[in-house]
Protein chains: 2
Amino acid sequence: MAKAGPGAKANAPRGKRATSYDVARLAAVSQSAVSRAFTPDAYISPSMRKKVLAAARQLGYQPNAIARGLTTSRSRVVALFMPNIGNPIYPFVLQTFSHRLRSHGRQILLLPLVENANEALACMLQYQIDGLVITAASPLALSKAIARKCLAAGIPVVLFNRYFADLKVASVNCDNARGGALAAEILHGAGHQRFAFIGGPEETSTHIDRYRGFADRLRAFGAAAPLIETGPYTYDGGHGAGMRLFARRDRPDAIFCANDVLAIGALDAARVGHGLQVPRDVSIIGFDGAPMAAWAGNDLTTIALRLVAMVESTVEVLLRAIDGQRAGSEPIRIPGDLVIRKSARMPGGSLPAAST
Amino acid sequence: MAKAGPGAKANAPRGKRATSYDVARLAAVSQSAVSRAFTPDAYISPSMRKKVLAAARQLGYQPNAIARGLTTSRSRVVALFMPNIGNPIYPFVLQTFSHRLRSHGRQILLLPLVENANEALACMLQYQIDGLVITAASPLALSKAIARKCLAAGIPVVLFNRYFADLKVASVNCDNARGGALAAEILHGAGHQRFAFIGGPEETSTHIDRYRGFADRLRAFGAAAPLIETGPYTYDGGHGAGMRLFARRDRPDAIFCANDVLAIGALDAARVGHGLQVPRDVSIIGFDGAPMAAWAGNDLTTIALRLVAMVESTVEVLLRAIDGQRAGSEPIRIPGDLVIRKSARMPGGSLPAAST
DNA sequence: CTGAAAGCGCTTACAG
DNA sequence: CTGAAAGCGCTTACAG
């Protein structure tokens, strides 16, 4: 098999691991007993279990999850489709998923950047994945196709901070519309007049809901409709949108951005690109609670996701679905938290200390 | 088994997947033939393979990787231990690993934040992991213990951008010492006098080599030894170190930072914390090539890792080891690339345009 | 509560 | 090149 070159050892020494039979022999019990000793809630006496575990420890025995998977047709592995890991909140999301799933005895298989849904499905089927978490809806068609195929194959799916308007899939979200409304309240309350929204890909639910919450609340205040610029959810997207907005004669004095990376791009477009002072000349509010929003050079007012709560809720919904309970497809919404920094004027408040 | 509440379906419908026997029956061939059709390099005629693949497509058959793993005792899964995903170059590293490994038919299992090496080993053994990539040496003792145990269990290990002085493990690194020397050449050549180094945890090989390259070259120039401040490899670490350095009477006018996040913290300590102009009052050079080094608000001169080349080399070394070839334990070194931006004066160059 | 036995879905010598 | 058969290391009814 291993077409190794000359001098190669045919197979690395893998030290012949102990099996349940080895443990059974040493403990002088049946192999079934060994299996039961490692199965929580199995019918086995405490003394038997103790004896088996002692022998297992002696041999360094670990049950083979592959063999178990073959008989149970459950791998105890959850797949994560996270092509948006470039958004700086996602490394933390990934870590948190990994940690929480582990505490439930689950491992994470990271789905690669597939070209089409069939590749993703093939991977999930081959490895008998128990469930899937999707954290990106972009490109929308791909994420949706993956979700659809998995569901059809009986693999539970939960969406993290996004949902599909026309496909019933369980999801856990930030209350994005509420966050957008909050941004409108602050910016309008601080006396701003010319509003703008910098968004991401227009078909994503985060873009839609954050915009809708913002625009609806502005309308309720009787304010003019916000200007809109969109781009990819990246620094360059925000920077480009900011440059275009600030070049206008009627340049906005208050910008709400669909996420923090966009907002930091817009901040730099204001300060570095156009020599504006923030928030004297323009207030900027982001969304997400990315680590760099807190950096002194940005000092970005933002609406932070409750990431830990969102991950925990996602894991809960997913594990319940894996256990066979139907998951509701109505999006679960968890509020976001306003984090006040120096990039936006606040209602009633004096202008915060300068922070060019 | 599934202790589901009332109303729960005992088991989600998983639609009874087709097996190799089903395909064999439909194609009117033996089950062995089906297996061979899905094995590259197997002894099988083209016509037979074609017949089998047609039947397989008709049934939506995918070979069950779990069952294959049981017979071959190879899972085709590689584990990644990446607790330093908070460093903003690692999301890209993770994506690149995922993509490259997939092109070799391998999947990634993400190792959770384990408490001790035994947990990590248990996970690797249970899932019959073929190999391990470690991207963090902090805490050093943990990474080293994990590597040692895996190697002892016959699981190949490759370190990404770090190595252990006292444990022979294959590794792929940036030429960190060379990068440090390059920073010294630039800062000294630009006419700076009072040098400082902001580092990470002192036992990490990146800290050591980057410092050593920097300090050795400065010494060769006859310059005074650099001040040193260290902290965790984070923005706050760099910011704190910068604040301390700039508060000194003999504050440095040239700082080399062991990575970009540290450098951005130092930049903000200079500009926001101490009202200094960069690079008029102080030049700052980072290391890594993190995305935010390119942001207009930072505009950080840095030494960028060739991440794609490093990942490819790591994958190559690992797969070779999995195939049974002994991997050399001498660190492989790949050069870094100087990326000139505006945070440091350049030798002979005029002072770049202001960029407060 | 325990053990003997079947079976999960593959791969791989072994014959032909 | 192809097929029959053993075996990978478990779990889980089925008897006792």
Side-chain angles (χ1 to χ4, degrees), chain A residues 1-2 10-11 14-52 55-56 59-77 105 125-128 130, chain B residues 1-2 10-11 14-52 55-56 59-77 105 125-128 130:
Chain A
M1 185 89 254
N11 256 324
R14 289 189 78 102
K16 264 305 149 216
R17 299 175 42 197
T19 72
S20 57
Y21 281 93
D22 301 325
V23 176
R25 198 172 313 120
L26 180 61
V29 301
S30 74
Q31 181 268 339
S32 321
V34 176
S35 175
R36 291 192 184 102
F38 282 90
T39 307
D41 311 328
Y43 261 46
I44 183 174
S45 65
S47 68
M48 168 71 93
R49 174 167 272 147
K50 208 177 126 194
K51 190 160 49 170
V52 170
L59 297 177
Y61 170 75
Q62 293 286 347
N64 181 326
I66 301 288
R68 171 191 289 152
L70 188 57
T71 59
T72 61
S73 72
R74 294 222 166 307
S75 60
R76 302 188 78 80
V77 171
L125 290 179
Q126 283 178 353
Y127 284 89
Q128 302 264 89
D130 288 348
Chain B
M1 186 88 250
N11 256 325
R14 290 189 79 103
K16 263 303 147 219
R17 298 176 41 199
T19 73
S20 56
Y21 281 93
D22 301 325
V23 177
R25 197 171 315 121
L26 181 61
V29 301
S30 74
Q31 181 269 337
S32 320
V34 178
S35 174
R36 292 195 184 97
F38 283 90
T39 306
D41 311 327
Y43 262 47
I44 184 174
S45 64
S47 69
M48 168 71 92
R49 173 167 272 148
K50 208 177 127 196
K51 190 161 52 168
V52 171
L59 297 177
Y61 170 75
Q62 293 286 346
N64 182 327
I66 301 288
R68 171 191 290 152
L70 188 57
T71 60
T72 62
S73 71
R74 295 223 166 306
S75 60
R76 302 186 78 79
V77 171
L125 290 178
Q126 282 178 353
Y127 284 89
Q128 302 263 89
D130 290 347

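Below, chain A is the first sequence line, B the second, and so on; all start at residue 1.
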Asks: Which sits closer to the 5' end of DNA chain D, B:Gln31 or B:Met48, going by the nucleotide each is nearest to?
Replies: B:Met48

Asks: Distance between the C1' atoms of C:dG16 and C:dT12, in whole angstroms?
Replies: 16 Å

Asks: How many Å lie between CD1 on A:Ile44 and C1' on C:dC1, as a whole number?
Replies: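 About 9 Å, once rounded to whole Å.
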
Asks: Between B:Leu70 and B:Ser45, which has a closest nucleotide on DNA chain D that is more 5'?
Replies: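 It is B:Ser45 whose nearest nucleotide is closer to the 5' end.
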
Asks: For B:Tyr127 and D:dC8, give me the distance from atom OH to atom P, rounded to whole Å.
Replies: 22 Å

Asks: Closer than 4.0 Å, any side-chain N/O of B:Ser30 to the OP1 or OP2 of D:dG3?
Replies: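 Checking B:Ser30 against D:dG3: at least one side-chain N or O falls below 4.0 Å of OP1 or OP2.
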
Asks: Within this structure, what is the NZ-to-C1' distance between B:Lys50 and D:dC1, rounded to whole angstrom?
Replies: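 Rounding to the nearest Å, NZ of B:Lys50 and C1' of D:dC1 are 18 Å apart.
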
Asks: Take atom CZ of B:Arg49 and atom P of D:dT2, then tell me their distance rounded to the nearest Å.
Replies: 10 Å

Asks: Please report the distance, rounded to the nearest Å, between OH in B:Tyr21 and P in D:dA4.
Replies: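 My rounded result for the distance is 10 Å.
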
Asks: Write down the protein N/O and nucleotide N/O pairs, taken from nucleotides 13-16 of chain D, whose separation is under 3.5 Å; answer none if there are no such pairs.
Replies:
from   : atom 1 : to      : atom 2 : distance (Å)
D:dA13 : N6     : A:Arg36 : NH2    : 3.2

Asks: Can you give me the closest heavy-atom contact between A:Ala56 and A:Phe38, atom names plus distance?
Replies: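 Heavy atoms only, the tightest pair is CB-CZ, 3.7 Å.
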
Asks: Can you name the closest pair of heavy atoms from B:Ala37 and B:Val52 and give their distance?
Replies: CB-CG1, 3.5 Å

Asks: What is the minimum heavy-atom distance between B:Leu125 and A:Arg17, and which atoms define it?
Replies: O-NH1, 2.8 Å

Asks: Rounded to the Å, how far apart are B:Arg74 CZ and C:dT12 C1'?
Replies: 15 Å

Asks: If you compare every side-chain N and O of B:Ser35 against the phosphate oxygens of C:dC10 (OP1, OP2), does one of them come in below 4.0 Å?
Replies: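 It does not, given that no N or O in the side chain of B:Ser35 lies less than 4.0 Å from OP1 or OP2 of C:dC10.
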
Asks: In residues 59-66 of chain B, which residues come under 4.0 Å of DNA chain D by heavy atom?
Replies: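 Contacts with DNA chain D under 4.0 Å: none.
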
Asks: Which nucleotide wins on minimum distance to the side chain of A:Thr71, given the candidates D:dT2, C:dT11, D:dG9?
Replies: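 Taking heavy atoms from C-beta onward, the closest nucleotide is D:dG9.
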
Asks: Starting at the 5' end of DNA chain C, write a dot or bracket for each base, bracketing those in Watson-Crick or G-U wobble pairs whose two distances are under 3.5 Å and using | for partners on another strand.
Replies: |||.||||||||.|||

Asks: Counting heavy atoms from C-beta on, name the nucleotide in C:dG9, C:dG3, D:dG3 closest to the side chain of B:Val29.
Replies: D:dG3

Asks: Find the distance A:Leu125:CG to C:dC10:P and express it as a whole number of Å.
Replies: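 Result: 12 Å.
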
Asks: Kindly list each side-chain donor-acceptor pair under 3.5 angstrom involving residues 62-71 of chain A, sequence neighbours excluded, with atom names and distances?
Replies:
from    : atom 1 : to       : atom 2 : distance (Å)
A:Gln62 : OE1    : B:Gln126 : NE2    : 3.3
A:Asn64 : OD1    : A:Ile66  : N      : 2.7
A:Asn64 : OD1    : A:Ala67  : N      : 3.1
A:Thr71 : OG1    : A:Arg68  : O      : 3.0

Asks: Using distance only, find each side-chain donor-acceptor pair of residues 25-36 of chain A under 3.5 Å and give its atom names and separation, not counting sequence neighbours.
Replies:
from    : atom 1 : to      : atom 2 : distance (Å)
A:Ser30 : OG     : A:Ser32 : N      : 3.4
A:Ser30 : OG     : A:Ala33 : N      : 3.2
A:Gln31 : NE2    : A:Ser20 : OG     : 3.1

Asks: Take atom CZ of A:Arg68 and atom C1' of D:dG9, then tell me their distance rounded to the nearest Å.
Replies: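 It works out to 11 Å between those atoms.
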
